[in-house]
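The structure displayed is predicted, hence computed values, not measured ones. Here is the naming used below: chain letters follow the sequence lines, and residue numbers restart at 1 for every chain.
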There are 2 protein chains.
Amino acid sequence: MVQARQTKQQAAIDRVIAHSARPLSPGEILAKARRQIPTLSLATVYRTLRRLEESGSAARVEIPGQPPRFESRLAAGTHHHHFVCQVCDRVYDIPGCARGIEALAPAGFTVESHEIVLFGRCGACVGGG
Amino acid sequence: MVQARQTKQQAAIDRVIAHSARPLSPGEILAKARRQIPTLSLATVYRTLRRLEESGSAARVEIPGQPPRFESRLAAGTHHHHFVCQVCDRVYDIPGCARGIEALAPAGFTVESHEIVLFGRCGACVGGG
DNA sequence: GTTAATGCAAAAGCTTTGCACGCGG
DNA sequence: CCGCGTGCAAAGCTTTTGCATTAAC
């Protein structure tokens, strides 16, 4: 059912996400993609992100208290979590995962997935007091 | 510094949160509090929630992908996390916490706080297939 | 009597959607 | 050519804010 057309807008958005080392918000994606396609609209960014998300090319990253961000599935790889620097506001990918975290669920509950977000100071901001 | 006036709106909102076993959204809080104060406005709910949050009486619970909810500090007690049932959409408090979770942070990073959300099926929904 | 808090409504973000046109296949 | 994808603008939602009034102290 891939009636998807390979438009340059979509390609540009895909490229922006793939090239980013960290999850980007729709606005950031728009700004970066407009360097390639100045007429790109925010609506198209949202529509394309939804499509990328559904097709599995991009993953939505929800940081509590912040607007949604998106990252490339390719760049992100597999299961991982996120670290939010409260100083520079950057969001980092964390490769590992806490084993046995599902044991936290009450008896009789079934855990299907989980989300872990660490807040603190990144390496660049720890030194800065 | 406490120039706060003890209004019945604030008291009602506080009561609603304190009596709830799970985090409530601003809209839910408004609906419940209006049973006591029919003229209560949503704006007041937001303003009061902000005050309660600042004073430490209430805590904001951010579930990724969902609007913010609020719970009572008193009811919630201390450090805990949340379980989101993907069937009935309820949010449960989880008493425990994964020890050593801060070790996930990259070297040189400082962790100040963290957020854990489990997704799955609650006890009531596991049986329902 | 002061003045913080409220209620209404308008405003401000962010995200979605309707519609006509253009481009991809 | 056919119709999906785009761009624009308007609509929807949630949250915030301005202002006059109300009520707490």
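- Remark: B/Phe83 engages A/Phe109 in a ring-ring contact (aromatic ring centres under 6.0 Å, His included) (not counting sequence neighbours).
- Pairs passing the salt bridge (Lys or Arg N to Asp or Glu O under 4.0 Å) check and including a residue from residues 18-38 of chain A, sequence neighbours excluded, read A/Arg22-A/Glu28.
- Considering only heavy atoms from C-beta on, A/Gln9 stays 4.5 Å or farther from A/Arg47 through its side chain.
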Heavy atoms under 4.0 Å is the rule here; annotate nucleotides 20-25 of chain D 5' to 3' with B where the base is hit, S where only the sugar-phosphate is, and - elsewhere. ---BBS

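- Here B/Gln9 reaches the OP1 or OP2 of C/dG7: one of its side-chain N or O atoms lies under 4.0 Å away.
- Here the shortest heavy-atom pairing between A/Val126 and B/Gly108 reads CG2-O, 3.1 Å.
- B/Thr48 places a side-chain heavy atom less than 4.5 Å from the side chain of B/Arg51.
- For A/His114, the ring-ring contact (aromatic ring centres under 6.0 Å, His included) partners two or more places apart in sequence, or in a different chain, are A/His79, A/His81.
- Looking at B/Phe70 and B/Leu52, their side chains never come closer than 4.5 Å, going by heavy atoms from C-beta outward.
- Atom CZ of B/Arg50 is separated from atom P of D/dT14 by 18 Å (rounded to the nearest Å).
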Quick one: side chains of residues 56-66 of chain B, donor-acceptor pairs under 3.5 Å with protein atoms, not counting sequence neighbours, listed by atom name and distance.
unit_1	atom_1	unit_2	atom_2	d
B/Ser57	OG	B/Ser55	OG	3.1
B/Arg60	NE	B/Glu53	OE2	3.2
B/Arg60	NH2	B/Glu53	OE1	3.4
B/Glu62	OE1	A/Gly65	N	3.4
B/Gln66	OE1	B/Arg69	NE	3.3
B/Gln66	OE1	B/Arg69	NH2	2.7

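- Rounded to an integer number of Å, the gap from B/Glu54 CD to D/dT16 P is 11 Å.
- Atom C1' of nucleotide D/dT14 and atom CG of B/Leu49 are separated by 13 Å, given to the nearest angstrom.
- In this structure, the CZ atom of B/Arg47 is 14 Å from the P atom of C/dA9, given to the nearest Å.
- With rounding to whole Å, B/Gln66 atom CD is found 16 Å from D/dC13 atom C1'.
- Looking at residues 28-44 of chain A, you'll see A/Leu42, A/Ala43 sit with a heavy atom under 4.0 Å from some atom of DNA chain C.
- Side-chain N/O atoms of A/Arg69 include none lying less than 4.0 angstrom from OP1 or OP2 on C/dC14.
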